[in-house]
Amino acid sequence: MINFLFLLTLLIYLAASIFQTLSLALGNRTEAVAIRSTIERIAFWGTAIGFAFLTLFIPLWWLQQGHFPMTHWTDSIAFFAWAVTLIYLIIVRLTHLRTLGSFVMPVAFIAILISYSFATHTAALPEPLRNYWLLAHTTLIFLAYAAFIAAFGFGLMYLMTERKIRKKTDTLFDNLLPSLGISDELGYRCTILGVILLTMGVIVGSLWTQYIQDVPWRWIDVKVISTLMTWFIYVVQIGLRQFWGWHGRRAAYTAIIGFGAVLCTYAGVELFLDSMHTYR
Amino acid sequence: MHPIVSIGTSHHVAPIEFREKLAFSEAQLTEAVQHLREAYQVQEAVILSTCNRVEVYAVANSMRTNDAATKMLVDFLSHYHRINLESLKKWTYIHHNLEAIRHLFRVTASLDSMVVGESQILGQVKAAYDTSREGGGAGTILNRLFTKAFSVGKRIRSETTIATGAVSISYAAVELAKKIFNTLEGKTVAILGAGEMSELTAKHLVSNGVSNVIVANRTYERAVKVAEKFNGTPLVYDNNLDFLIDADIVISSTNAPDYLIKRQPLANIMRRRRHRYMFLIDIAVPRDIEPDINKIDHAFLYNIDDLEAVVASNLKDRQQEATRAEQIVTEEAKRFYNQLQIFQVNPTIKALHQQFREIADTELQACCNKASFTDQQAAAVNAMTQAIIKKLLHDPMKNLRYAVNDGDADHAQYLQALQELFALDVKDEKPES
């Protein structure tokens, strides 16, 4: 039953991603104006329903496994998709910029696809680590990742708008892509939010180590180092922006590089490198 | 049925020399409508007179044919403006009923305008209608027709994009600026040189929120003259571009033979303004701003051709949207025409029902008096007569409504036959207050 529901969620996310991307691809081509609002609506409500389903899985798995479902990486990646959707929905609530979904939803869908394909739901994490520290640490880190992915989406939106303005041939006046000023500002705010959440997550994580006795802990860990590097990229970007006016195009590029760093930190380390943080 | 007729001329069919002859001044309007109603026995009339079109919408007495009603309007225009019938025939168009309704809807939706989607026409039609209504010219039918026309006009503006996208160069500049800055609130515009186009653009920018205007010119007096219009700061331009550090939008239209703003100096300025966005508009021919500046980060350069391309592309989009709008107009016109016919059939139906009921009531009264029924019996007989009336009238009414809904031309004859056979005294519906 749970597996069937999860498959359903996966399909809903697929549909939402496709419709989101479609609405962006249609742009403001006049012949598409009539159906575009329908497509947008389907995409958005698909996202909302998909998110509601995904939210259900966390208590479901919790009950099924008897502990916070973050003890295997396939669970964690579903949780990651949940965090990405949550942040996206909050941004839509605040700004009405549904277009962001065209960039963010495919990421969430791929995460769920991976989770579904490899799901085992067996606890891979040593018993002593399954506690509320885990809950706080991973939630903070995943919300930070989600904020960075939103910033990445705004970065792409910025670059698309800029390209349109420079190209000069297109009609610019569709309402899908916000102005440069807005994309830039919102991307910046997401970056700040991400940095704050990541900092908190890292602090919680390092405090947690004080309480671990049965599991060997090492500071020189691939994941720790790559997380700190990711953190550093974003902090440097914020600093450059504050003191040297590095905004707009440069900020957009940094958001994309940061997104790459997040992927490396999360997926790369998980799958290809041996780390204290891997769920194996 | 009351024929609805419209006769008119517009920039599509007639030159200005003819349109100005046919035009009504504002002062003439009320009096002309009144004259049309009194001297030509037109029941209702609205006259629309703008610089691009003159149109008369009229509802004639139900006894008149379309052609007779048309002739009245032609005579009216020809006498009122002393125009011979040949040129009227040559330069005007005439529409009846459904076509007249559709035409008004098209006009109000600005599908018939020179610039499709322009917003003025809706207000102009409204003003014409108000003038006529205040003078008692618009009655039941035209009230409905024009109210519907306004709602169709609004529907088309909100459901299609015919009214979006700038169609003039100065508005295109404003829209571009908004696409870059989002809000123009608190922004500074610098005008280099002077000229009608740059002043117009600056004016639009200011009315959209730009708060500071810097006017730079070779001669201080000229700068002052232009700056006064915007409450701006005048500057003497002496090859020093430092004032651009504060400028978010630059409009250049000087007569200089070479580039005034070159890439390297502007790159320096961009650095000094910490790479805040700059939108440069080069209206001058020959150009004032080096084209390569468009390659500098956060500096966006549009010259006159670029802006014209934006306008052309917007116009093309509006044309495409117009096709969709035409479909909406046709649908709405058909629906309205149907409703109008049903609405016009209603008085006859009502009169017929009333006549039957009155006869029944009289007979029932007489019968009750003779037969001394108990209350219960009287009620039963009454119910029976009502049922008979209902059943007798059911099929004729149903068929009449079908005829109307199918757009069957016969229904006018049906109506007339009913009225004559039953000697009905049909009163027009009172206008809703």
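A note on names: the letters A, B, ... follow the listed sequences, proteins ahead of strands, and every chain is numbered from 1. Because only heavy atoms are used, hydrogens play no part in the values below, and waters and symmetry mates are left out as well, while side chains stay in.
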Fill in the blank from the handout: One should read off an interatomic distance between His275(B) NE2 and Trp244(A) CH2, to the nearest 0.5 angstrom, of 11.5 Å
Practice task
Spell out, as yes or no, whether a donor-acceptor pair under 3.5 Å connects the side chain of Arg166(A) to the backbone of Asn294(B).
Solution key: yes
Problem - Toward chain A, the part of Ala177(B) with a non-hydrogen atom under 4.5 Å - result: neither
Problem - Atom group of Lys178(B) that falls short of 4.5 Å from chain A, counting heavy atoms - result: backbone
Handout entry: Crowding at CZ, Phe53(A) (>12 non-hydrogen neighbours, <6.0 Å)
Key = no
Problem - Flag if over 12 foreign heavy atoms under 6.0 Å of CD, Gln120(B) - result: no
Problem - Between CD on residue Gln242(A) and CZ on residue Arg274(B), distance to nearest 0.5 Å - result: 8.0 Å
Handout entry: Chi angles and distances behind the side-chain contact (heavy atoms from CB on, under 4.5 Å) call for Lys179(B), Lys164(A)
Key = CA-CA 10 Å; Lys179(B) 204 70 191 168; Lys164(A) 274 187 153 188; over 6 Å; no
Practice task
May I ask you to check whether over 12 heavy atoms, not counting those of Asn268(B), lie within 6.0 Å of atom CG?
Solution key: yes
Handout entry: Which atom of Ile180(B) lies closest to which atom of Leu180(A), heavy atoms considered
Key = O-CB, 3.5 Å
Exercise for the section: Side chain from CB out, backbone as N, CA, C, O: work out which of these in Phe300(B) comes under 4.5 Å of a heavy atom of chain A, or both, or neither. Expected result: both
Problem - Interchain contact, Phe243(A) with chain B, by part (heavy-atom threshold 4.5 Å) - result: backbone
Problem - Gap separating the NZ atom of Lys168(A) from the CG atom of Asp306(B), nearest 0.5 angstrom - result: 3.5 Å
Problem - Atom of Arg249(A), atom of His298(B) and distance for their closest heavy-atom approach - result: N-NE2, 3.0 Å
Which pairs of donor and acceptor atoms, one on a side chain in residues 77-92 of chain A, lie under 3.5 Å apart (sequence neighbours left out)?
unit_1: Trp82(A); atom_1: NE1; unit_2: Thr55(A); atom_2: OG1; d: 3.0
unit_1: Thr85(A); atom_1: OG1; unit_2: Tyr13(A); atom_2: OH; d: 2.6
unit_1: Thr85(A); atom_1: OG1; unit_2: Ala81(A); atom_2: O; d: 2.6
unit_1: Tyr88(A); atom_1: OH; unit_2: Gln20(A); atom_2: NE2; d: 3.1
unit_1: Tyr88(A); atom_1: OH; unit_2: Arg98(A); atom_2: O; d: 2.9

Practice task
Sort by residue number and list every member of residues 182-196 of chain A having a non-hydrogen atom under 4.5 Å from chain B.
Solution key: Ile182(A), Asp184(A)
